[in-house]
Number of protein chains: 2
Amino acid sequence: MKIAVDAMGGDFAPDATIQGAGLAVKQFAEEDRLVLIGIEDVVRQKLEQFNISDDRIEILHAPDVIDMGEHPTRAISQKQNASIPVGFRLLKSREVQGFCSAGNTGAMHVGAMFSIKAIEGVIRPGIAGFVPKENGGFGIIMDVGANADCKPDVLFQFGEIGSMYANRVLGIDEPKVGLMNLGEEEQKGTLLMQAAHQLFKITNKVNFIGNIEGCDVFNDKADVIVCDGFTGNVILKLAESFFDMIQSRKIRNEYFDRFNYEEIGGSPILGVNGNVVIGHGKSSPKAIENMIMLTHRMAESNLYLTLKEYFTD
Amino acid sequence: MKIAVDAMGGDFAPDATIQGAGLAVKQFAEEDRLVLIGIEDVVRQKLEQFNISDDRIEILHAPDVIDMGEHPTRAISQKQNASIPVGFRLLKSREVQGFCSAGNTGAMHVGAMFSIKAIEGVIRPGIAGFVPKENGGFGIIMDVGANADCKPDVLFQFGEIGSMYANRVLGIDEPKVGLMNLGEEEQKGTLLMQAAHQLFKITNKVNFIGNIEGCDVFNDKADVIVCDGFTGNVILKLAESFFDMIQSRKIRNEYFDRFNYEEIGGSPILGVNGNVVIGHGKSSPKAIENMIMLTHRMAESNLYLTLKEYFTD
């Protein structure tokens with residue numbers, strides 16, 4: 001298996017990305033390869049600086065760099081030799097089985113849509129986020145920002161895709177799918193959520209447990225939390241700030257430690273023809289390590305092929 | 001000043017409401033009055049049971065009771081002699097200067113809209129929620145559930161109303177108004193938020209500081225957080241669940257203690273012709289006490305008259 005990582009992506013790249021790559025590659029199998037995409041001289045120099053030498057590491061030169069603040073569509077079309085477009089070309093040609101970056105989130109999303117493209121039948125691919133559940137596992141929220149405005153059928157597909165991720169990657173049997181809303185009753189909430197509720201209710205495609213509320217994000221009610229990207233983004237950032245507040249007050253607690261984005265690694269783009277993970281902009285070496293390992297796990301499960309089969313039927 | 005409280009409203013009524021009333025009335029001025037609305041025999045018996053005897057307490061008999069799960073509009077129209085409709089009649093006739101209940105939230109909202117009604121010029125009254133800020137004060141979120149679907153001009157008015165609350169009741173000079181969104185840039189987010197952003201930007205009516213994100217709920221960026229009732233409801237319930245998770249792990253911290261809903265007391269309905277506060281369904285005596293005191297403070301500031309003047313211009 002071959003995984004590509006954007007060596008130039010993230011607030012602390014290339015230092016954090018190269019160090020993270022060094023940590024991740026140690027967990028790779030003998031035949032696995034890790035491709036570092038970036039400005040070759042810089043990557044080589046950083047590998048040397050951090051004393052990283054491993055036969056499983058390859059370097060692929062990408063002379064351009066897309067900055068964090070750049071307009072995604074413009075950057076992708078104008079900087080075809082930056083690490084992100086190069087990574088997607090590798091993924092599209094199946095030279096690598098997974099690609100991840102802690103760089104420009106928009107460029108990663110646009111890059112995925114333009115290169116490997118949405119799986120046929122998937123209306124809108126989404127970005128999945130993870131939340132630590134009080135019962136010990138992780139819940140998946142979809143979408144967390146790719147689609148601010150959603151239609152009911154898009155939300156329904158998020159339920160299907162999230163359910164499959166929870167089953168195939170997180171190993172949850174019959175994942176419970178909950179629709180984020182402001183009350184339990186089916187007539188509650190926005191027109192969007194009312195319509196989405198009915199879609200879930202009349203089909204037997206997922207294990208729909210009904211509406212859930214803001215207070216259910218961390219409990220056992222749902223394994224898959226379905227919402228539009230606007231709401232999911234607010235939830236994820238709120239949970240993150242909660243972790244920061246706990247940390248800054250030096251409160252140590254096993255459960256709250258699991259809120260650490262570094263442990264989670266990143267957010268997969270689901271519903272596209274390949275295994276893609278977006279890391280947090282502020283990624284530390286540890287976060288990069290976990291982003292690469294999450295991409296590795298996704299490549300192992302090859303969830304996108306299962307999704308492709310599912311949506312073709 | 002005369003404040004009315006629904007003695008029958010809340011999961012733990014009438015025990016919690018009567019005990020809370022007993023705690024609150026001690027803080028009332030000599031000439032203030034607290035009107036307990038409910039089934040007279042029950043109220044009298046509970047006052048006796050909890051050894052509460054105070055000349056400032058009056059009892060008003062309301063033979064019917066609206067349950068927590070009842071359909072708001074139906075309940076309000078069919079049970080005209082329940083504590084909630086009776087309370088609104090007192091408020092409408094100006095016999096009391098404030099009314100509060102920890103009972104059926106929907107019935108409180110519908111009751112306000114049908115009796116004292118929206119202030120002329122206010123498109124949609126909203127429910128305000130409070131969040132403890134890391135800098136020591138409280139922030140106001142509007143709306144937290146009355147209006148799941150909003151139009152841009154409704155959000156703009158939430159900014160105006162919230163700003164006035166923050167100024168007149170919380171004592172904040174030039175309150176900073178932030179629009180909840182998934183990114184800082186003005187072109188980010190849902191079509192609703194993009195349009196609302198422009199409305200805030202082209203007027204000078206409030207101190208608009210731009211978009212804020214989920215991670216900014218507790219920091220100093222905005223005093224007033226503007227969002228639709230769907231998003232606000234999710235935020236508020238998520239914040240509540242944080243507090244519960246902290247409590248259940250026996251973590252004590254001065255800042256997190258301020259997340260306790262009991263200290264906050266309740267959520268005012270803003271934009272209607274009177275001072276109305278909705279308490280939490282699970283209100284304890286302490287929560288009821290603070291709900292009554294919040295209603296008292298609102299009655300002192302008579303914010304609704306200021307809003308009336310503002311929207312008449």
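These numbers come from the heavy atoms of this one structure, side chains and all, not from hydrogens, waters or symmetry mates. Naming: A, B, ... by sequence-line order, numbering from 1 per chain. Remember, predicted model here, so these are calculated numbers, not experimental data.
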*asked:* Check this for me: does any side-chain nitrogen of one of A:D220 and A:K133 sit under 4.0 Å from a carboxylate oxygen of the other?
replied: no

*Given that the side chain runs from C-beta out, which part of A:F230 has a heavy atom under 4.5 Å from chain B: side chain, backbone, both or neither?*
both

*Does atom CD of B:Q187 have more than 12 heavy-atom neighbours from other groups under 6.0 Å away?*
yes

*What residue, out of B:N233, B:V234, B:N147, B:L182, has the most heavy-atom pairs lying under 4.5 Å from chain A?*
B:L182

*For A:T231, is it the side chain, the backbone, both, or neither that has a heavy atom closer than 4.5 Å to a heavy atom of chain B?*
side chain

_Greatest number of heavy atom pairs closer than 4.5 Å to chain B - which of A:M245, A:M193, A:E240_ = A:M245

*Side chain, backbone, both or neither: which part of B:M180 has an atom under 4.5 Å from a heavy atom of chain A?*
both

*Salt bridge or not for A:K221 and A:E184, using N-O below 4.0 Å?*
yes

_No-hydrogen, no-angle side-chain donor-acceptor test under 3.5 Å, A:N219 and A:D216_ = yes

*Per-residue contact mode, B:N181 against chain A (heavy atom under 4.5 angstrom)*: both

*Please identify each residue that fulfils side chain to side chain contact (heavy atoms under 4.5 Å, CB included) with A:I251, with sequence neighbours left out.*
A:I246, A:R249, B:I251, B:N253, B:F256

*Side chain, backbone, both or neither: which part of B:F259 has an atom under 4.5 Å from a heavy atom of chain A?*
side chain

*Sort out for me which of A:C215, A:C150, A:A148 touches chain B most, counting heavy-atom pairs under 4.5 Å.*
A:C215

*Which portion of B:L236 sits near chain A, non-hydrogen atoms under 4.5 angstrom*: neither

*Please examine the side chains of B:F12 and B:I288, heavy atoms only from C-beta on, and report whether any two atoms are closer than 4.5 Å.*
no

*A:Y165 side chain near A:M142 side chain, heavy-atom distance below 4.5 Å*: no

